[in-house]
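Read through the structure below, which is laid out as structure tokens, and then see the notes.
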Number of protein chains: 2
Amino acid sequence: MQLSPSLTQLIEALRCQPGIGPKSAQRIAFHLLERDRQGGKQLGHALTKAMDEVGHCQSCRTFTEQAVCDICSSVKRQDSGLLCVVESPTDVLAIEQTGQYQGLYFVLMGHLSPIDGIGPKEIGLDILESKLQQGGINEVILATNPSVEGETTAHYIAELCHKYQVGASRIAHGVPVGGELDLLDGMTLMHAFSGRRAVNQN
Amino acid sequence: MQLSPSLTQLIEALRCQPGIGPKSAQRIAFHLLERDRQGGKQLGHALTKAMDEVGHCQSCRTFTEQAVCDICSSVKRQDSGLLCVVESPTDVLAIEQTGQYQGLYFVLMGHLSPIDGIGPKEIGLDILESKLQQGGINEVILATNPSVEGETTAHYIAELCHKYQVGASRIAHGVPVGGELDLLDGMTLMHAFSGRRAVNQN
Ligand SMILES: [Zn+2]
Ligand SMILES: [Zn+2]
């Protein structure tokens with residue numbers, strides 16, 4: 001004897017979430033049906049809406065439902081001449097939460113990983129290159145993760161910056177090697193920003 | 001600077017799931033947007049459908065989108081004369097997975113808890129009583145959890161059975177005291193069923 005089709009489907013569908021196994025999925029489904037149908041409906045609606053409407057900012061590639069995100073639209077940010085390159089939108093969020101950085105971002109949505117077929121184009125470096133070419137950026141802050149791939153990606157972008165004679169710096173102080181940027185506390189991130197050093201460009 | 005409205009709403013809505021804190025919600029939202037939009041859409045659809053369509057079986061109170069569930073509709077099950085009382089639909093699932101029990105169920109959707117205002121009516125004991133009155137049940141197997149509330153509830157139902165001269169038994173052997181029924185392996189559950197003993201009814 002099986003559960004009803006809608007319930008079986010729900011339990012199966014819940015497992016698309018990382019970290020949710022079959023037992024957790026069952027518990028979540030029963031919890032929502034027994035105690036929080038309103039919450040379940042809101043989640044259903046929010047998922048459908050977000051999956052349909054949220055795309056990428058044309059300028060920085062972060063998630064947004066607008067053509068260009070709020071940060072990229074800010075004249076004050078544009079005038080800063082600063083562009084911070086990160087791997088993921090969660091990194092933007094973590095840096096914004098420090099309240100100390102007032103420049104623009106560029107979100108790679110990953111890092112260089114030739115083994116997985118992820119080259120410069122897959123992480124938007126063609127878009128970044130045309131930005132550097134256009135001018136208006138005085139310094140690129142390389143805030144990729146302190147992993148091997150993150151360092152390789154930072155080095156690659158530093159060379160791009162050198163080509164267009166734009167300064168490049170790497171956040172350094174306070175970021176633990178092998179750690180993940182978006183798990184850091186705000187204080188450590190602030191130190192990492194203020195302690196950045198220029199990158200040797202050949 | 002905040003995330004876009006749809007994304008903020010999604011992260012907030014994901015937290016209706018037990019065990020999902022703000023950090024997990026953020027990771028799930030980004031994972032779905034970056035790598036599994038199809039899964040996210042399916043989950044949205046499955047949630048909306050289940051919250052709207054899944055109700056309670058008129059006969060046993062378990063979750064179903066039909067008026068009466070498949071188990072209650074089975075003539076073979078009706079003819080068994082056995083009625084197993086459990087606290088939750090997950091318990092039905094756990095017992096069904098042993099493949100050994102061929103009777104009917106009654107799902108309390110909880111247990112007696114006067115402090116929380118949960119009396120006999122809140123767990124459907126009026127419906128159970130009219131079942132006992134109607135006849136056709138030879139034995140009620142009390143398979144509530146081996147917690148204080150589960151034992152109290154089992155005792156209360158045993159008295160109801162006594163009133164209508166229906167036999168009552170309590171699953172016993174193999175169920176660890178303080179444990180939860182739906183976390184047991186199938187073998188332990190089978191032992192618990194075969195080792196059941198008659199309940200003293202005053
Ligand atoms: Zn943007
Ligand atoms: Zn039923």
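Labels below follow one simple rule: chain letters A, B, ... track the order of the sequence lines, proteins then strands, and each chain is numbered from 1. Just so it is clear, the structure is predicted and the values come from calculations on it, not from any experiment.
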Shortest non-hydrogen contact from B:Glu65 toward A:Ser6: OE2-OG, 2.7 Å
At their closest point, which heavy atom of B:Arg37 faces which heavy atom of A:Gly55, and how far apart are they? NH2-CA, 4.4 Å
Apply side chain to side chain contact (heavy atoms under 4.5 Å, CB included) to residues B:Thr48 and A:Lys41 and explain how you reach the verdict. CA-CA 5 Å; B:Thr48 304; A:Lys41 278 185 193 186; over 6 Å; no
Relative to chain A, which of [options] shows the most heavy atom pairs under 4.5 Å?
{"options": "B:Thr64, B:Asp36, B:Ile28, B:Leu33", "answer": "B:Leu33"}
{"options": "B:Gly19, B:Ser24, B:Pro5, B:Cys69", "answer": "B:Pro5"}
{"options": "B:Ser88, B:Gly99, B:Ala50", "answer": "B:Ala50"}

Rounded at 0.5 Å granularity, tell me how far [atom1] in [X] sits from [atom2] in [Y].
{"X": "B:Leu10", "Y": "A:Gln42", "atom1": "CG", "atom2": "CD", "answer": "12.5 Å"}
{"X": "B:Leu47", "Y": "A:His45", "atom1": "CG", "atom2": "NE2", "answer": "13.0 Å"}
{"X": "B:Leu43", "Y": "A:Cys16", "atom1": "CG", "atom2": "SG", "answer": "4.5 Å"}
{"X": "A:Leu7", "Y": "B:Lys49", "atom1": "CG", "atom2": "NZ", "answer": "11.0 Å"}
{"X": "B:Gln26", "Y": "A:Thr90", "atom1": "CD", "atom2": "OG1", "answer": "6.0 Å"}

So, the part of B:Glu53 with a heavy atom under 4.5 Å from chain A: the answer is side chain
Could you look at B:Ile11 and say if it's the side chain, the backbone, both or neither that has a heavy atom under 4.5 Å from chain A? neither
Can you find a heavy atom in the side chain of A:Pro89 that is under 4.5 Å from one in the side chain of B:Phe30? yes
Among A:His31, A:Arg27, A:Gln17, whose side chain to side chain donor-acceptor pair (under 3.5 Å) with B:Gln17 holds? A:Gln17
